[in-house]
Amino acid sequence: MSENNIDRRKFLAAAAAGAGFVAIAPGIRLVEIAAAKPDNEPVTSKVRWGMLIDTTRCQSGCTECVSACGKENGLSEVKKPRTDAQWIRKIDLKELKTGRALSLPMMCQHCANPPCVDVCPTGASFKRADGIVLVDRHICIGCRYCMMACPYKARSFVHEPHTDQNPEVPRGQGCVEGCTLCVHRVDRGGTPACVEACAAAGHNAMLFGDLNDPGSAIAKRVREVKTTQVRADLKLDLGVRYEGI
Amino acid sequence: MRAIALAVLWGLTFAAAHAAEPGRTPLPAIAIEKPGQCVEAKDVMRRDHMKLLKHQRDKTLHEGIRTKKHSLNECIACHASQKTGTVLGKDGFCQSCHDYAAVKPDCWDCHQPKPGQKTAGARP
Ligand code: SF4
Ligand code: SF4
């Protein structure tokens with residue numbers, strides 16, 4: 001199922017890059033290309049970015065997504081494991097009665113009703129129109145309320161000065177930060193680095209896309225199979241969903 | 001006694017006038033290595049670059065508008081010294097002027113002062 005979708009995306013991207021829009025066969029939707037909005041247009045709430053993680057495909061011991069995130073966002077500079085920022089982490093779970101084991105990546109769930117935004121005293125934590133939750137570091141005072149409020153331990157405080165940032169991902173000492181869904185890539189029609197790395201490793205356990213677009217691969221998948229929001233009882237309406245937990 | 005005081009005063013005035021002579025006052029090093037047109041007129045940039053940057057940063061971060069015109073990364077791409085590769089350092093385009101004007105912007109706590117995108121992030 002998801003391999004087919006990836007093939008379709010590849011085909012669409014190739015078609016868009018090559019012959020342009022003319023050669024696309026009838027019946028193939030252009031929505032995924034259209035999602036790469038022009039640079040001068042603001043994001044809108046027509047889009048709700050989301051991620052679906054298939055825990056039946058995620059491999060225990062594999063940390064491709066974690067290292068891809070570190071590389072993309074320049075997280076691996078300091079190497080003080082106790083305090084280094086961590087935007088995505090791997091979790092291994094085991095049901096004691098049956099011995100059933102699973103492995104999954106956990107990161108900011110991009111809540112539609114984000115507690116981090118509720119508690120932030122400065123307005124630095126905010127949700128973009130398209131559902132991506134970010135920290136405006138120009139406003140953040142480093143109080144770390146949001147770290148306390150987040151039920152998913154998704155945020156980190158930056159303890160050390162940094163000099164090796166990716167120019168597209170500014171980050172520095174004294175602010176709180178978390179997964180941005182690689183917003184700098186997404187705004188240009190790309191996918192998050194973790195999703196790309198997982199696919200490159202052949203696991204295809206992560207699917208990224210627009211939950212609001214009924215034709216997108218992720219919307220189809222969540223319509224077809226049972227997916228779970230972690231701690232759904234909190235009613236935060238998460239952008240990240242899990243399959244097989 | 002009065003004569004000595006006057007002499008000292010005169011001496012001080014002379015020293016002050018001397019220091020203001022051109023060539024003896026430190027001036028910022030504004031080296032434009034890449035010739036061409038800046039995104040705004042020179043006097044606008046000198047006075048208002050910080051306002052333009054601040055406006056653009058809010059648009060980019062909150063609304064996802066990633067036009068190049070007033071983007072800090074584009075300033076850096078054009079103005080980084082070809083020798084040191086950065087806009088900072090003693091003669092760096094940003095730092096030399098900020099040092100001269102005694103302002104300490106904290107952009108560089110988070111932003112990368114060297115150009116060059118590390119990742120492309122193209123749609124697979
Ligand atoms: S998962 Fe945590 S950091 Fe992310 S939006 Fe929800 S509360 Fe905020
Ligand atoms: S640490 Fe920053 S983002 Fe978090 S609650 Fe405090 S001001 Fe807001």
Side-chain angles (χ1 to χ4, degrees), chain A residues 6 9-10 12-13 16-17 32-33 35-44 47 68 71-74 126-130 132 134-139 158 161-175 177 182-193 195-196 199-200, chain B residues 34 39-40 49-82 84-90 92-95 103-124:
Chain A
I6 282 159
R9 291 166 75 102
K10 266 193 195 139
L12 283 171
E32 288 180 42
I33 292 173
K37 65 163 191 66
D39 277 348
N40 60 353
E41 272 178 23
V43 294
T44 67
V47 176
K71 197 158 163 260
E72 175 71 25
N73 298 301
F126 70 100
K127 187 180 68 164
R128 285 202 333 176
D130 59 2
I132 300 181
L134 296 173
V135 178
D136 185 342
R137 292 177 179 77
H138 307 106
I139 308 175
V158 181
H162 285 263
T163 56
D164 197 24
Q165 301 92 337
N166 174 353
E168 296 260 50
V169 189
R171 54 187 296 271
Q173 187 181 27
C175 290
E177 57 183 26
C182 284
V183 67
H184 56 292
R185 290 165 153 245
V186 170
D187 279 348
R188 301 207 165 100
T191 41
V195 177
E196 213 173 271
Chain B
K34 286 193 190 153
V39 292
E40 302 289 348
H49 64 280
M50 64 298 268
K51 292 181 201 153
L52 299 171
L53 284 168
K54 203 170 172 189
H55 185 70
Q56 177 77 10
R57 112 193 164 187
D58 291 343
K59 288 270 173 209
T60 303
L61 186 53
H62 291 259
E63 297 175 22
I65 290 175
R66 290 179 189 268
T67 46
K68 290 188 162 178
K69 194 171 175 195
H70 295 146
S71 133
L72 180 63
N73 276 348
E74 294 298 314
C75 299
I76 296 166
C78 206
H79 286 293
S81 148
Q82 272 159 21
T84 60
T86 159
V87 290
L88 301 186
K90 194 172 114 339
F93 185 82
C94 295
Q95 193 180 325
V103 286
K104 252 192 176 173
D106 55 7
C107 309
W108 316 111
D109 289 359
C110 289
H111 286 274
Q112 178 59 260
K114 293 178 185 161
Q117 276 9 312
K118 283 189 184 163
T119 40
R123 181 172 278 277

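Within every chain, numbering begins at 1; the chains are lettered A, B, ... in the order of the sequence lines, protein sequences first and strands thereafter. Every value quoted in this text rests on a predicted model; they were computed, and no experiment measured them. Keep in mind that the numbers below use all heavy atoms, side chains included, and drop hydrogens, waters and symmetry copies.
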Residues at least two apart in sequence or cross-chain that pass salt bridge (Lys or Arg N to Asp or Glu O under 4.0 Å) with B:Lys114, listed by chain then number, are none
### Message
Looking at B:Arg66 and A:Asp39, is any side-chain nitrogen of the basic one under 4.0 Å from a carboxylate oxygen of the acidic one?
### Response
no
Counting heavy-atom pairs under 4.5 angstrom with chain B, the leader among A:Gln173, A:Lys127, A:His138 is A:His138
query: With a 4.5 Å heavy-atom cut-off, do A:Gln165 and B:His111 have their side chains touching?
result: no
To the nearest 0.5 Å, atom CD1 of B:Ile65 lies from atom CD of A:Glu41 at 8.5 Å
Contacts of A:Val158 meeting side chain to side chain contact (heavy atoms under 4.5 Å, CB included) (sequence neighbours excluded), chain-then-number -> A:His162, A:Arg171, A:Glu177
Between the OG1 atom in B:Thr60 and the NE2 atom in A:His184, the distance rounded to the nearest 0.5 Å is 13.5 Å
Pair count under 4.5 Å, heavy atoms only, with chain A: among B:Gly64, B:Cys107, B:Cys110, highest is B:Cys110
Applying a strict 4.5 Å limit to non-hydrogen atoms, the region of A:Thr163 in contact with chain B is backbone
All heavy atoms of B:Glu63 vs all of A:Arg128, minimum pair found to be C-NH1, 4.4 Å
The reported gap from NE2 in B:His62 to CG in A:Asp136 (rounded to nearest 0.5 angstrom) is 3.5 Å
Residue from B:Thr67, B:Leu61, B:Asp106 scoring the most non-hydrogen pairs under 4.5 Å with chain A is B:Leu61
